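Taking it in order: structure first as C-alpha coordinates, then the write-up.
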Amino acid sequence: MLKKLYHPKLYIGLIIAVLVLAGVYLMLCRLAGARALEIFNREMARQTVLEGSVAVDSITADMWGNVGFRGLKWLDAEGEPVVFVPDGRFKVKPWDVVTGSLKLDSLEEAELNNPVIAVRFNKDMRPAFLPERKKTESGEPKQRRRGLHINLNGDLPECRVVINNCTLTASYRHRYFVLSGVTADIKTVSPKELRLKITADDFGGMMIGDTLSISGKLLFNGAEPQCDLFLAMENVVPESLGLGKVKDTASVYGHATGPLAGPVIDGRIEFKVLNIPALRFYKVNGDFYYEDGHIDFSNVTGGIYGGTVEATGSYDIDSRAYSIDALGHDLIAAIAAKTSKINCKVELDLKMRSDGNPHNVLTYGSFTGGAGTYSLIPFEAISGKFSDRGGVLQFTDVKIKTPLGEVTSDAFEIVKGRVHINDIFLTAPEGERIQLK
(Lines give C-alpha, C1' and ligand atoms only; values in the text may rest on other atoms or scores of the structure.)
Protein backbone atom coordinates (compact mmCIF):
# COMPACT_ATOMS: atom_id res chain seq x y z
CA MET A 1 0.00 0.00 0.00
CA LEU A 2 2.82 2.42 0.89
CA LYS A 3 4.60 1.60 -2.35
CA LYS A 4 1.51 2.64 -4.27
CA LEU A 5 1.46 6.02 -2.47
CA TYR A 6 5.06 6.65 -3.49
CA HIS A 7 4.59 5.58 -7.09
CA PRO A 8 6.48 7.90 -9.55
CA LYS A 9 3.32 8.49 -11.55
CA LEU A 10 1.76 10.06 -8.44
CA TYR A 11 4.62 12.55 -8.18
CA ILE A 12 4.28 13.39 -11.85
CA GLY A 13 0.56 13.91 -11.39
CA LEU A 14 1.10 16.22 -8.43
CA ILE A 15 3.69 18.22 -10.33
CA ILE A 16 1.35 18.57 -13.30
CA ALA A 17 -1.47 19.67 -10.98
CA VAL A 18 0.72 22.30 -9.34
CA LEU A 19 1.85 23.57 -12.74
CA VAL A 20 -1.74 23.76 -13.92
CA LEU A 21 -2.80 25.65 -10.78
CA ALA A 22 0.17 27.99 -11.15
CA GLY A 23 -0.71 28.57 -14.77
CA VAL A 24 -4.32 29.31 -13.90
CA TYR A 25 -3.16 31.66 -11.11
CA LEU A 26 -0.79 33.50 -13.46
CA MET A 27 -3.54 33.75 -16.07
CA LEU A 28 -5.93 35.17 -13.48
CA CYS A 29 -3.23 37.62 -12.35
CA ARG A 30 -2.69 38.73 -15.92
CA LEU A 31 -6.40 39.15 -16.47
CA ALA A 32 -6.77 41.01 -13.16
CA GLY A 33 -3.82 43.26 -14.03
CA ALA A 34 -5.30 44.07 -17.42
CA ARG A 35 -8.64 44.89 -15.79
CA ALA A 36 -7.12 46.69 -12.76
CA LEU A 37 -8.41 50.11 -13.82
CA GLU A 38 -11.92 48.77 -14.32
CA ILE A 39 -11.82 46.89 -11.00
CA PHE A 40 -10.45 49.86 -9.06
CA ASN A 41 -12.94 52.40 -10.39
CA ARG A 42 -15.80 49.95 -9.90
CA GLU A 43 -14.86 49.28 -6.29
CA MET A 44 -14.35 52.99 -5.58
CA ALA A 45 -17.86 53.62 -6.88
CA ARG A 46 -19.19 50.98 -4.48
CA GLN A 47 -17.21 51.88 -1.35
CA THR A 48 -18.87 53.71 1.56
CA VAL A 49 -15.78 54.80 3.51
CA LEU A 50 -15.12 57.98 1.53
CA GLU A 51 -17.98 60.26 0.56
CA GLY A 52 -17.71 61.59 -2.96
CA SER A 53 -15.94 59.97 -5.89
CA VAL A 54 -12.49 58.41 -6.22
CA ALA A 55 -10.99 57.45 -9.59
CA VAL A 56 -7.64 57.09 -11.35
CA ASP A 57 -6.48 57.78 -14.92
CA SER A 58 -4.36 54.64 -15.26
CA ILE A 59 -3.44 51.69 -13.10
CA THR A 60 -1.30 48.55 -13.35
CA ALA A 61 -1.15 45.47 -11.13
CA ASP A 62 1.03 42.36 -10.90
CA MET A 63 0.59 38.93 -9.37
CA TRP A 64 2.26 39.98 -6.12
CA GLY A 65 -0.32 42.62 -5.31
CA ASN A 66 1.75 45.63 -6.39
CA VAL A 67 -0.52 48.25 -7.88
CA GLY A 68 0.83 51.36 -9.57
CA PHE A 69 -1.37 54.28 -10.56
CA ARG A 70 -1.38 57.74 -12.10
CA GLY A 71 -3.80 60.62 -11.79
CA LEU A 72 -5.75 59.65 -8.65
CA LYS A 73 -8.56 62.13 -7.95
CA TRP A 74 -10.91 62.34 -4.98
CA LEU A 75 -13.84 64.76 -5.32
CA ASP A 76 -16.29 65.36 -2.51
CA ALA A 77 -20.06 65.07 -2.88
CA GLU A 78 -20.22 68.64 -4.20
CA GLY A 79 -17.58 68.00 -6.85
CA GLU A 80 -14.84 69.94 -5.04
CA PRO A 81 -11.32 68.47 -5.18
CA VAL A 82 -10.06 66.88 -1.99
CA VAL A 83 -7.00 64.91 -3.11
CA PHE A 84 -5.00 64.73 -6.32
CA VAL A 85 -2.03 62.37 -6.58
CA PRO A 86 0.05 62.48 -9.79
CA ASP A 87 1.47 59.00 -9.16
CA GLY A 88 1.89 56.41 -6.46
CA ARG A 89 1.62 52.77 -5.61
CA PHE A 90 -0.44 50.37 -3.51
CA LYS A 91 0.38 47.02 -2.02
CA VAL A 92 -2.77 44.89 -1.80
CA LYS A 93 -3.49 41.28 -0.96
CA PRO A 94 -2.56 39.25 -4.07
CA TRP A 95 -5.65 37.06 -3.98
CA ASP A 96 -7.90 40.12 -3.99
CA VAL A 97 -6.18 41.21 -7.22
CA VAL A 98 -6.76 37.79 -8.76
CA THR A 99 -10.41 37.62 -7.77
CA GLY A 100 -11.06 41.28 -8.59
CA SER A 101 -12.41 41.96 -5.09
CA LEU A 102 -10.34 45.01 -4.14
CA LYS A 103 -11.69 46.72 -1.04
CA LEU A 104 -10.42 48.82 1.88
CA ASP A 105 -9.27 45.74 3.79
CA SER A 106 -7.24 44.68 0.74
CA LEU A 107 -4.81 47.55 1.25
CA GLU A 108 -1.54 46.64 2.98
CA GLU A 109 0.50 49.75 2.17
CA ALA A 110 0.41 52.81 -0.06
CA GLU A 111 2.89 55.44 -1.20
CA LEU A 112 1.71 58.78 -2.59
CA ASN A 113 4.12 61.02 -4.48
CA ASN A 114 3.67 64.81 -4.75
CA PRO A 115 0.00 64.81 -3.73
CA VAL A 116 -2.10 67.96 -3.35
CA ILE A 117 -4.66 67.78 -0.54
CA ALA A 118 -7.35 70.38 0.21
CA VAL A 119 -9.34 70.39 3.46
CA ARG A 120 -12.16 72.81 4.28
CA PHE A 121 -13.35 73.72 7.78
CA ASN A 122 -16.87 74.73 8.73
CA LYS A 123 -17.81 77.82 10.72
CA ASP A 124 -17.18 75.98 14.00
CA MET A 125 -13.58 75.23 12.97
CA ARG A 126 -14.41 71.57 12.47
CA PRO A 127 -13.00 69.73 9.45
CA ALA A 128 -15.73 69.01 6.94
CA PHE A 129 -14.69 65.34 6.93
CA LEU A 130 -15.37 65.11 10.68
CA PRO A 131 -18.86 66.63 10.96
CA GLU A 132 -21.07 66.68 14.00
CA ARG A 133 -23.58 63.92 13.41
CA LYS A 134 -27.05 65.44 13.72
CA LYS A 135 -29.89 63.29 14.98
CA THR A 136 -33.33 62.72 13.53
CA GLU A 137 -36.55 63.16 15.49
CA SER A 138 -36.32 59.51 16.56
CA GLY A 139 -32.87 60.13 18.04
CA GLU A 140 -30.98 58.16 15.38
CA PRO A 141 -27.87 59.70 13.76
CA LYS A 142 -28.82 61.62 10.66
CA GLN A 143 -27.06 60.58 7.47
CA ARG A 144 -24.81 63.33 6.13
CA ARG A 145 -25.08 63.77 2.37
CA ARG A 146 -23.13 66.91 1.54
CA GLY A 147 -19.44 67.72 1.81
CA LEU A 148 -16.53 65.42 2.48
CA HIS A 149 -17.06 62.52 4.84
CA ILE A 150 -14.93 59.65 6.11
CA ASN A 151 -16.85 56.76 7.64
CA LEU A 152 -14.67 54.62 9.91
CA ASN A 153 -17.26 53.00 12.14
CA GLY A 154 -15.56 49.60 11.93
CA ASP A 155 -12.01 48.47 12.54
CA LEU A 156 -9.13 50.17 10.78
CA PRO A 157 -7.51 48.20 7.97
CA GLU A 158 -4.03 46.93 8.79
CA CYS A 159 -1.92 49.08 6.49
CA ARG A 160 0.76 51.75 6.16
CA VAL A 161 0.61 54.99 4.15
CA VAL A 162 3.70 56.97 3.15
CA ILE A 163 3.35 60.46 1.67
CA ASN A 164 6.20 62.22 -0.13
CA ASN A 165 6.43 65.96 -0.87
CA CYS A 166 2.80 66.80 -0.28
CA THR A 167 1.16 70.22 -0.49
CA LEU A 168 -1.69 70.55 2.01
CA THR A 169 -4.13 73.47 2.01
CA ALA A 170 -6.79 74.12 4.62
CA SER A 171 -9.42 76.86 4.44
CA TYR A 172 -11.64 78.45 7.08
CA ARG A 173 -14.07 81.14 5.97
CA HIS A 174 -11.79 83.60 4.13
CA ARG A 175 -8.59 82.35 5.69
CA TYR A 176 -6.26 79.63 4.55
CA PHE A 177 -3.36 77.57 5.77
CA VAL A 178 -0.72 75.92 3.57
CA LEU A 179 1.85 73.23 4.34
CA SER A 180 4.59 72.58 1.78
CA GLY A 181 7.14 69.81 1.47
CA VAL A 182 5.10 67.49 3.68
CA THR A 183 6.29 63.95 4.38
CA ALA A 184 4.16 61.55 6.38
CA ASP A 185 4.31 58.00 7.66
CA ILE A 186 0.98 56.68 8.94
CA LYS A 187 0.36 53.09 9.97
CA THR A 188 -2.19 50.99 11.80
CA VAL A 189 -0.91 49.44 15.03
CA SER A 190 -4.26 48.00 16.11
CA PRO A 191 -7.83 47.90 14.73
CA LYS A 192 -8.56 51.12 16.67
CA GLU A 193 -5.24 52.99 16.62
CA LEU A 194 -3.14 54.87 14.06
CA ARG A 195 0.45 55.97 14.60
CA LEU A 196 1.68 58.90 12.58
CA LYS A 197 4.71 61.10 11.98
CA ILE A 198 4.36 64.19 9.80
CA THR A 199 6.91 66.89 8.94
CA ALA A 200 6.65 69.97 6.72
CA ASP A 201 9.42 72.16 5.32
CA ASP A 202 7.42 75.36 5.76
CA PHE A 203 3.90 76.66 6.28
CA GLY A 204 2.05 79.81 5.32
CA GLY A 205 -1.32 81.48 5.02
CA MET A 206 -2.86 82.72 8.25
CA MET A 207 0.23 81.48 10.10
CA ILE A 208 3.75 81.66 8.65
CA GLY A 209 6.73 79.61 9.78
CA ASP A 210 9.59 77.39 8.70
CA THR A 211 9.16 73.83 9.90
CA LEU A 212 6.39 71.81 11.49
CA SER A 213 6.32 68.29 12.91
CA ILE A 214 3.49 66.19 14.32
CA SER A 215 3.87 62.76 15.88
CA GLY A 216 1.69 60.55 18.02
CA LYS A 217 -1.47 58.51 17.65
CA LEU A 218 -5.14 58.68 16.73
CA LEU A 219 -7.66 56.50 18.55
CA PHE A 220 -10.95 55.32 17.05
CA ASN A 221 -12.57 53.71 20.08
CA GLY A 222 -15.73 55.80 20.12
CA ALA A 223 -18.02 57.81 17.89
CA GLU A 224 -15.44 60.58 17.48
CA PRO A 225 -11.71 60.04 16.79
CA GLN A 226 -9.41 61.04 19.67
CA CYS A 227 -5.85 62.33 19.35
CA ASP A 228 -2.66 62.15 21.39
CA LEU A 229 -0.20 64.22 19.37
CA PHE A 230 3.01 66.13 19.96
CA LEU A 231 3.50 69.31 17.87
CA ALA A 232 6.53 71.45 17.12
CA MET A 233 6.68 74.61 15.00
CA GLU A 234 9.82 76.62 14.35
CA ASN A 235 10.19 80.29 13.39
CA VAL A 236 6.49 81.17 13.64
CA VAL A 237 5.90 84.83 12.68
CA PRO A 238 3.48 86.43 15.21
CA GLU A 239 2.54 89.18 12.74
CA SER A 240 0.92 86.53 10.53
CA LEU A 241 -1.44 85.73 13.43
CA GLY A 242 -2.47 89.36 13.82
CA LEU A 243 -0.18 90.09 16.78
CA GLY A 244 0.63 93.65 15.75
CA LYS A 245 3.78 94.16 13.69
CA VAL A 246 5.81 91.57 15.58
CA LYS A 247 8.22 89.97 13.12
CA ASP A 248 10.49 88.21 15.63
CA THR A 249 9.95 84.48 15.27
CA ALA A 250 8.90 82.02 17.96
CA SER A 251 9.25 78.30 18.56
CA VAL A 252 6.04 76.56 19.63
CA TYR A 253 5.76 73.11 21.21
CA GLY A 254 2.55 71.43 22.30
CA HIS A 255 0.73 68.25 23.32
CA ALA A 256 -2.72 67.90 21.75
CA THR A 257 -5.32 65.59 23.31
CA GLY A 258 -9.04 65.04 23.06
CA PRO A 259 -11.34 64.95 20.02
CA LEU A 260 -9.44 65.26 16.74
CA ALA A 261 -11.97 67.85 15.52
CA GLY A 262 -11.51 70.01 18.62
CA PRO A 263 -8.46 69.13 20.70
CA VAL A 264 -7.01 70.94 23.67
CA ILE A 265 -3.30 71.75 23.57
CA ASP A 266 -0.90 72.27 26.45
CA GLY A 267 2.33 73.77 25.23
CA ARG A 268 5.23 76.15 25.46
CA ILE A 269 6.31 79.16 23.41
CA GLU A 270 9.83 80.59 23.16
CA PHE A 271 11.27 83.81 21.71
CA LYS A 272 14.99 84.54 21.53
CA VAL A 273 14.14 88.22 20.95
CA LEU A 274 10.74 89.93 20.97
CA ASN A 275 10.43 93.50 19.74
CA ILE A 276 7.13 95.23 20.43
CA PRO A 277 6.90 98.95 19.59
CA ALA A 278 9.05 100.76 22.20
CA LEU A 279 9.70 97.48 24.04
CA ARG A 280 12.48 94.96 23.50
CA PHE A 281 12.29 91.61 25.28
CA TYR A 282 14.78 88.76 25.13
CA LYS A 283 14.71 85.09 26.13
CA VAL A 284 10.93 85.04 26.47
CA ASN A 285 9.52 81.66 27.54
CA GLY A 286 6.04 80.71 28.65
CA ASP A 287 3.26 78.14 28.79
CA PHE A 288 0.03 78.22 26.81
CA TYR A 289 -3.28 76.39 26.81
CA TYR A 290 -5.43 76.17 23.68
CA GLU A 291 -9.10 75.24 23.52
CA ASP A 292 -11.89 76.07 21.08
CA GLY A 293 -9.94 78.74 19.18
CA HIS A 294 -8.75 80.53 22.33
CA ILE A 295 -5.21 80.59 23.76
CA ASP A 296 -4.28 81.50 27.34
CA PHE A 297 -0.64 82.29 28.17
CA SER A 298 0.82 81.81 31.65
CA ASN A 299 4.17 81.63 33.46
CA VAL A 300 5.71 83.86 30.80
CA THR A 301 9.12 85.21 31.76
CA GLY A 302 11.81 87.17 29.96
CA GLY A 303 14.27 90.00 30.06
CA ILE A 304 13.60 93.67 29.29
CA TYR A 305 15.63 96.89 29.75
CA GLY A 306 18.22 95.09 31.86
CA GLY A 307 15.58 93.62 34.20
CA THR A 308 13.06 90.79 34.17
CA VAL A 309 9.40 90.51 33.26
CA GLU A 310 6.50 88.23 34.20
CA ALA A 311 3.42 88.10 31.99
CA THR A 312 0.06 86.50 31.30
CA GLY A 313 -2.22 86.93 28.32
CA SER A 314 -4.88 85.60 25.97
CA TYR A 315 -5.39 85.41 22.21
CA ASP A 316 -8.49 84.63 20.15
CA ILE A 317 -7.67 82.91 16.86
CA ASP A 318 -10.97 83.82 15.22
CA SER A 319 -11.03 87.57 15.96
CA ARG A 320 -7.23 87.89 16.47
CA ALA A 321 -7.93 90.04 19.51
CA TYR A 322 -5.47 89.72 22.37
CA SER A 323 -4.53 91.12 25.76
CA ILE A 324 -1.24 90.94 27.66
CA ASP A 325 -0.50 91.95 31.25
CA ALA A 326 3.13 92.14 32.39
CA LEU A 327 5.10 93.18 35.42
CA GLY A 328 8.72 94.28 34.99
CA HIS A 329 11.28 94.24 37.78
CA ASP A 330 14.60 96.10 38.18
CA LEU A 331 14.40 97.77 34.76
CA ILE A 332 17.12 100.29 33.90
CA ALA A 333 15.30 103.57 33.27
CA ALA A 334 17.97 104.99 30.94
CA ILE A 335 17.46 102.10 28.52
CA ALA A 336 13.67 102.39 28.65
CA ALA A 337 13.62 106.18 28.18
CA LYS A 338 16.51 106.13 25.68
CA THR A 339 18.25 108.98 27.47
CA SER A 340 21.29 109.02 29.77
CA LYS A 341 19.80 111.88 31.78
CA ILE A 342 17.94 109.49 34.03
CA ASN A 343 19.65 106.81 36.08
CA CYS A 344 17.68 104.44 38.30
CA LYS A 345 15.86 101.11 38.36
CA VAL A 346 12.08 100.93 38.04
CA GLU A 347 9.17 98.56 38.42
CA LEU A 348 6.88 98.36 35.39
CA ASP A 349 3.16 97.57 35.09
CA LEU A 350 2.54 96.95 31.37
CA LYS A 351 -0.66 96.19 29.47
CA MET A 352 -1.21 95.50 25.75
CA ARG A 353 -4.61 95.42 24.09
CA SER A 354 -5.75 94.76 20.52
CA ASP A 355 -9.18 94.27 18.99
CA GLY A 356 -7.67 92.19 16.18
CA ASN A 357 -6.74 95.11 13.96
CA PRO A 358 -2.92 95.36 13.89
CA HIS A 359 -3.24 99.15 13.59
CA ASN A 360 -5.19 99.38 16.84
CA VAL A 361 -2.60 97.95 19.20
CA LEU A 362 -2.38 99.93 22.43
CA THR A 363 0.44 99.54 24.93
CA TYR A 364 0.12 101.39 28.22
CA GLY A 365 0.92 101.19 31.90
CA SER A 366 2.80 102.80 34.76
CA PHE A 367 6.18 102.68 36.43
CA THR A 368 7.72 103.44 39.80
CA GLY A 369 11.35 103.66 40.82
CA GLY A 370 13.59 104.24 43.78
CA ALA A 371 16.62 106.49 44.30
CA GLY A 372 18.66 107.67 41.31
CA THR A 373 19.71 110.75 39.37
CA TYR A 374 18.22 112.92 36.66
CA SER A 375 20.66 115.22 34.80
CA LEU A 376 23.10 114.50 37.65
CA ILE A 377 20.52 115.70 40.17
CA PRO A 378 19.87 113.04 42.80
CA PHE A 379 16.29 112.03 43.48
CA GLU A 380 14.59 109.78 45.97
CA ALA A 381 11.77 108.29 43.88
CA ILE A 382 10.23 108.39 40.40
CA SER A 383 6.82 107.46 38.99
CA GLY A 384 4.76 108.00 35.89
CA LYS A 385 2.45 106.63 33.23
CA PHE A 386 3.13 105.74 29.60
CA SER A 387 1.29 104.70 26.47
CA ASP A 388 2.27 103.67 22.98
CA ARG A 389 0.14 103.70 19.85
CA GLY A 390 1.47 103.71 16.33
CA GLY A 391 5.10 103.71 17.41
CA VAL A 392 4.82 106.89 19.52
CA LEU A 393 5.79 106.26 23.15
CA GLN A 394 4.36 108.95 25.43
CA PHE A 395 5.09 109.46 29.14
CA THR A 396 2.64 111.42 31.32
CA ASP A 397 2.31 112.37 35.00
CA VAL A 398 6.05 111.89 35.45
CA LYS A 399 7.10 112.77 39.00
CA ILE A 400 10.62 112.76 40.39
CA LYS A 401 11.03 113.36 44.12
CA THR A 402 14.30 115.10 45.04
CA PRO A 403 15.71 116.73 48.21
CA LEU A 404 15.14 120.09 46.47
CA GLY A 405 11.54 119.32 45.60
CA GLU A 406 9.48 117.39 43.09
CA VAL A 407 10.29 117.46 39.36
CA THR A 408 7.19 116.97 37.20
CA SER A 409 6.42 116.77 33.50
CA ASP A 410 3.03 116.60 31.82
CA ALA A 411 4.42 114.62 28.91
CA PHE A 412 7.41 113.73 26.83
CA GLU A 413 7.48 111.47 23.77
CA ILE A 414 9.80 109.11 21.94
CA VAL A 415 9.05 109.19 18.21
CA LYS A 416 11.15 107.01 15.90
CA GLY A 417 13.85 106.79 18.53
CA ARG A 418 14.07 110.53 19.19
CA VAL A 419 13.09 112.06 22.54
CA HIS A 420 10.75 115.08 22.55
CA ILE A 421 10.46 116.62 26.03
CA ASN A 422 7.74 119.09 26.99
CA ASP A 423 7.87 121.50 29.93
CA ILE A 424 9.59 120.26 33.07
CA PHE A 425 8.96 121.92 36.45
CA LEU A 426 10.54 121.78 39.89
CA THR A 427 8.21 122.30 42.82
CA ALA A 428 10.23 123.32 45.86
CA PRO A 429 9.32 122.12 49.37
CA GLU A 430 7.94 125.56 50.17
CA GLY A 431 5.63 125.34 47.13
CA GLU A 432 7.54 127.51 44.63
CA ARG A 433 7.28 126.14 41.06
CA ILE A 434 10.28 126.65 38.77
CA GLN A 435 10.35 125.72 35.07
CA LEU A 436 13.48 123.72 34.23
CA LYS A 437 12.72 123.43 30.54
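Note that the numbering runs from 1 along the sequence shown for the chain. No experiment lies behind these values; they were computed from the predicted model shown.
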Would you check, one step at a time, whether the test side-chain contact (heavy atoms from CB on, under 4.5 Å) holds for Asn235 with Thr211? CA-CA 7 Å; Asn235 295 327; Thr211 60; over 6 Å; no

Check against salt bridge (Lys or Arg N to Asp or Glu O under 4.0 Å), Glu193 and Arg195: CA-CA 7 Å; Glu193 181 179 332; Arg195 291 277 180 175; 3.0 Å; yes

Residue pair Tyr364, Lys385: steps toward the side-chain contact (heavy atoms from CB on, under 4.5 Å) verdict: CA-CA 8 Å; Tyr364 65 97; Lys385 299 177 182 178; over 6 Å; no

Is there a salt bridge (Lys or Arg N to Asp or Glu O under 4.0 Å) between Asp57 and Lys73 once you walk through the steps? CA-CA 8 Å; Asp57 292 338; Lys73 305 178 186 68; 2.8 Å; yes

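Contact check for Val182 versus Ile198: side-chain heavy atoms found under the 4.5 Å cut-off. Side-chain contact check for Glu109 versus Lys187: every heavy-atom pair is 4.5 Å or farther apart. Side-chain contact between Asn221 and Gln226: absent, with no pair of heavy atoms (C-beta onward) separated by less than 4.5 Å. The closest side-chain heavy-atom distance from Phe367 to Leu331 is not below 4.5 Å. The closest side-chain heavy-atom distance from Ile295 to Tyr322 is not below 4.5 Å. Contact of the His329 side chain with the Glu347 side chain is registered, since non-hydrogen atoms from C-beta on lie closer than 4.5 Å. Phe386 has its side chain out of reach of Val398: every pair of non-hydrogen atoms, C-beta onward, lies at least 4.5 Å apart. Asp349 has its side chain within reach of Leu327: a pair of non-hydrogen atoms, C-beta onward, lies under 4.5 Å apart.
Closest heavy-atom contact between Val264 and Tyr289: CG1-OH, 3.6 Å. What you find for Phe271 and Pro238 is that their closest heavy atoms are CE2-CG, 3.7 Å. Across every non-hydrogen atom of Asp248 and Val273, the tightest pair is CB-O, 3.0 Å. Considering every non-hydrogen atom in both Ser314 and Asp296, the closest pair reads CB-OD1, 3.5 Å. Counting all heavy atoms, side chain and backbone alike, Phe288 lies closest to Ile269 at CD2-N, 4.2 Å. Contact record, Asn165 with Gly181: OD1-CA, 3.7 Å, taken as the closest heavy-atom pair.
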For residues 212-220, which side-chain N or O atoms pair as donor and acceptor with protein atoms under 3.5 Å away, sequence neighbours left out?
none

Compile the donor-acceptor pairs under 3.5 Å between side chains in residues 253-260 and protein atoms, sequence neighbours left out, one pair per line.
from, atom 1, to, atom 2, distance (Å)
Tyr253, OH, Glu234, OE2, 3.0
His255, NE2, Asp228, OD1, 2.5

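For the atom pair CD1 of Ile265 and SG of Cys227, the computed distance is 8.0 Å after rounding to the nearest 0.5 Å. Here CD1 of Ile317 is found 4.5 Å from OH of Tyr290. Values are rounded to the nearest 0.5 Å. Residue Ile208 holds its CD1 atom at 12.0 Å from OG1 of Thr249, rounded to the nearest 0.5 Å. With values rounded to the nearest 0.5 angstrom, Arg70 atom CZ is found 5.0 Å from Asp87 atom CG. In this structure, the separation between CZ on Arg320 and OG on Ser354 is 10.5 Å, given to the nearest 0.5 Å. In this structure, the separation between CG on Leu72 and OG on Ser58 is 10.5 Å, given to the nearest 0.5 Å.
Within the structure, the salt bridge (Lys or Arg N to Asp or Glu O under 4.0 Å) test picks out the following pairs touching residues 321-332 (sequence neighbours left out): Asp325-Lys351, Asp325-Arg353.
A donor-acceptor pair under 3.5 Å is absent between the side-chain atoms of Thr188 and the main chain of Ser190, judged by distance alone. Judged by distance alone, the side chain of Asn113 and the main-chain N or O of Glu111 form no donor-acceptor pair under 3.5 Å.
For Ala333, the side-chain contact (heavy atoms from CB on, under 4.5 Å) partners at least two apart in sequence or on another chain are Ile342, Cys344, Val346. Considering only residues two or more places apart in sequence or on other chains, Phe281 meets the ring-ring contact (aromatic ring centres under 6.0 Å, His included) condition with none of them. Every salt bridge (charged side-chain N to carboxylate O under 4.0 Å, His left out) that Asp287 has, sequence neighbours left out, goes to Arg268.
The environment of Arg160 atom CZ is sparse: at most 12 non-hydrogen atoms of other residues, nucleotides or ligands sit within 6.0 angstrom.
Remark: aromatic rings of Phe90 and Phe69 are close, center separation under 6.0 Å.
Exactly one of Leu168, Leu112, Val85 qualifies for a side chain to side chain contact (heavy atoms under 4.5 Å, CB included) with Ile117. That residue is Leu168.
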